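A quick write-up on the structure given underneath.
What you are looking at is a predicted structure, and each value in this text was computed from that prediction instead of being measured.
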Amino acid sequence: MGAASCSCSSSSSVQHLFLLCLLLGFCFAFAASQQQQSDSCSSAGIAVAHLVPFNSSAFRCLTVWKQEDFVLRYKNTGESQWSFILSAPDKGSYVAVGFSGKGLMVGSSAVVAWSSGGKGTVKQYYLTGKSPDECYPDKGRLTLVKNKAVAVSRSGRLYLAFQLSTDLPQPHLIYAVGPEGNLPPSDATLPMHRSMHSHAFNYTSGMASSSGGSGGGGFPPERKHGLLAMMAWGVLMPLGMMAARYFRRVDPYWFYAHMAIQVVAFTVGIASVVLGFRLNEDGLKNVDVHRALGIAILAMASLQVMAFLARPDKTSKVRRFWNWYHHYIGRAAILVAIGNIFLGLHIAQEVSAYIVSYGVFVAVWVIAVAAFEMNRCYSDDD
């Protein structure tokens, strides 16, 4: 009995040891696979260094997008030459890095890579809008060094390596990743990105900071310009008109309200124009039309200010002509301003909340004006 018990105990120990070895082997295999699918700046180099068409040693390295495990390596490898290597998990989608002067996707140029069937593809895209048909392949403002761009998929990661011919790359980098399992078709049309991220980048220090142009939040200069112009020409000026036309019975307070509102509108409007002339407008459609209309609005508003300074006495014979001039120039300025604001929102590809909000204001304003006009007609009939 004792020998049998000892034999059973020994057999059980062997089984436990075998299971433990299997478990340890599985853990080591899992850890090794995870190591293969990850990339780290602490490693001595990159796994595909021998496949990169340029020397990739001594590159600066940083994790630029933790949520998507994007790792960027770069170096000033020659006079007016910069080399980049971007790595990210290969999930059957494209990865992209764009270069922008202001942190905005629209108007930027991007280098995009994907791998299919063991073959890597690298293309430059010019992003004139946010929809797939506004991202043009084989176009852009980047000067890629010929035969120095490659995309390689190894051990679950996609590596994008390329060189730019420039004194200094643009200071904002924009990253994007496509939908999983959805590669660009034969015509290279990019599917809508699954996610994106951007930041301002200092190539000397290797420091990245939050970019005002990323996502939909924050107040980049473009949005500040739009909000100031919308408030001045598109909100305050129409309200000032209503105060003068429909509240004359409250004399002289209607005049003070009209003057105060329009002075504030003119001041804020000038600030919006100054800010608008300082914006980077590269690659934006219809921006010349938007600028011309903005100048016309400012000119009409300035004429209104000069008209006030040259306002004749109520008993003057020319007062009637002055009234016509003041009324119709003001109305024209309001109508042009409303149209130009919607044009500006379209050019900026602004989030729908701003478009809908201003659209609701314009609708309410039109209804209110119609109601006041009807009331004036009935009052005149009486």
Query - Passing option when Pro191 is tested against Ser93, Pro184, Pro132 for side-chain contact (heavy atoms from CB on, under 4.5 Å) - result: Pro184

Query raised in the report: Taking the six-membered ring where the residue is Trp, are the ring centres of Phe321 and Trp324 under 6.0 Å apart?
Result: yes

Query raised in the report: Of all heavy-atom pairs between Trp114 and Leu190, which one has the smallest distance, and what is that distance?
Result: CZ3-CD2, 4.4 Å

Requested in this report: May I ask you to decide if Gly181's main-chain N or O and Lys91's side chain share a donor-acceptor pair within less than 3.5 Å?
Outcome: no

Requested in this report: Among Asn182, Asp187, Leu183, find the residue that satisfies the side-chain contact (heavy atoms from CB on, under 4.5 Å) test when tested with Pro185.
Outcome: Asp187

**Report entry** Donor-acceptor under 3.5 Å (Asn340 side chain, His290 main chain)
**Finding:** yes

Requested in this report: Go through the steps for Thr189 and Asp133 under the test side-chain contact (heavy atoms from CB on, under 4.5 Å), then give the verdict.
Outcome: CA-CA 7 Å; Thr189 300; Asp133 61 348; over 6 Å; no

Query - Arg248 vs Phe255 side-chain heavy atoms within contact, under 4.5 Å - result: no

Query raised in the report: Within a reach of under 6.0 Å around CE of Met192, are more than 12 heavy atoms found that belong to other residues, nucleotides or ligands?
Result: yes

Query - Test: Lys123 and Asp138 ion pair at under 4.0 Å - result: yes

Query raised in the report: If only atom types and distance count, is the side chain of Gln124 paired as donor or acceptor with the main-chain N or O of Leu142 below 3.5 Å?
Result: yes

Report task. Could you tell me how the ring of Tyr253 sits relative to the ring of Tyr256: parallel (under 30°), tilted (30 to 60°) or perpendicular (over 60°)? Result -> perpendicular

Query raised in the report: Does the pair Ile174 and His197 meet the rule for a side-chain contact (heavy atoms from CB on, under 4.5 Å), with working shown?
Result: CA-CA 6 Å; Ile174 305 172; His197 172 72; over 6 Å; no

Query raised in the report: How about Ile367 and Trp365: do any of their side-chain heavy atoms sit closer than 4.5 Å?
Result: no

Query raised in the report: Is the count of non-hydrogen atoms from other residues, nucleotides or ligands lying under 6.0 Å from Met231 atom CE greater than 12?
Result: no

Report task. Please assess Leu86 against Val71 for the test side-chain contact (heavy atoms from CB on, under 4.5 Å), listing each intermediate value before the final yes or no. Result -> CA-CA 6 Å; Leu86 177 69; Val71 177; over 6 Å; no

Query raised in the report: Are Arg194 and Glu180 close enough that some pair of their side-chain heavy atoms sits under 4.5 Å apart?
Result: yes

**Report entry** Centroid-centroid under 6.0 Å between Phe372 and Phe247 rings
**Finding:** yes

**Report entry** Check: Ala307 main-chain N/O paired with Arg311 side-chain donor or acceptor under 3.5 Å
**Finding:** no

Report task. Taking the six-membered ring for Trp and the single ring otherwise, decide whether the centroids of Tyr94 and His193 are under 6.0 Å apart. Result -> no

Report task. Hey, can you tell me if Phe84 and Tyr203 have their rings parallel, tilted or perpendicular (30° and 60° cut-offs)? Result -> perpendicular

Query - Heavy-atom side-chain contact between Lys139 and Tyr125 under 4.5 Å - result: no

Query - Flag side-chain contact, heavy atom, 4.5 Å: Trp82 against Thr77 - result: no

Query raised in the report: Are any side-chain N or O atoms of Asn76 and backbone N or O atoms of Gln81, one a donor and one an acceptor, separated by less than 3.5 Å?
Result: yes

Query raised in the report: Is the side chain of Arg245 donor-acceptor paired with the backbone N or O of Val369 at a distance under 3.5 Å, no angle test?
Result: no

Requested in this report: Determine whether Leu127 and Ser109 make a side-chain contact, defined as any pair of heavy atoms from C-beta on separated by less than 4.5 Å.
Outcome: no

Query - Residues Arg154 and Asp90 bridged, charged N to O under 4.0 Å - result: no

Query raised in the report: Is the centre of the Phe54 ring less than 6.0 Å from the centre of the Phe162 ring?
Result: no

**Report entry** Test item: Leu228 and Met230 side chains (from C-beta on) under 4.5 Å apart, heavy atoms
**Finding:** no

**Report entry** Side chain Thr128, main chain Glu134, donor-acceptor under 3.5 Å
**Finding:** yes

Query raised in the report: Is the number of heavy atoms from other residues, nucleotides or ligands within 6.0 Å of OH (Tyr325) greater than 12?
Result: yes

Requested in this report: With side-chain contact (heavy atoms from CB on, under 4.5 Å) as the test, would you mind laying out the steps for Phe266 and Ser302 before giving the verdict?
Outcome: CA-CA 8 Å; Phe266 186 69; Ser302 300; 3.8 Å; yes

Query raised in the report: How many angstroms lie between atom CD1 of Ile329 and atom CE of Met306, to the nearest 0.5 angstrom?
Result: 10.5 Å

Query raised in the report: Would you say Ser316's side chain and Pro312's backbone share a donor-acceptor pair under 3.5 angstrom?
Result: no

Query raised in the report: Quick one: are Gln304 and His326 in side-chain contact, heavy atoms under 4.5 Å?
Result: yes

Query raised in the report: Taking atom CG of Leu62 and atom CZ of Phe70, what is their separation to the nearest 0.5 Å?
Result: 13.0 Å

**Report entry** Backbone N/O of Tyr354 and side chain of Ser357: donor-acceptor pair under 3.5 Å
**Finding:** no

Query - Main-chain N/O of Ser87 paired with Arg157 side-chain donor or acceptor, under 3.5 Å - result: yes

Query raised in the report: Where do Gly101 and His172 come nearest, in terms of heavy atoms and distance?
Result: O-CD2, 3.3 Å

Query - Neighbour count >12 (heavy atoms, 6.0 Å) for atom CE, Met374 - result: no

Report task. State whether a side-chain donor-acceptor pair under 3.5 Å links Ser83 with Gln163. Result -> yes

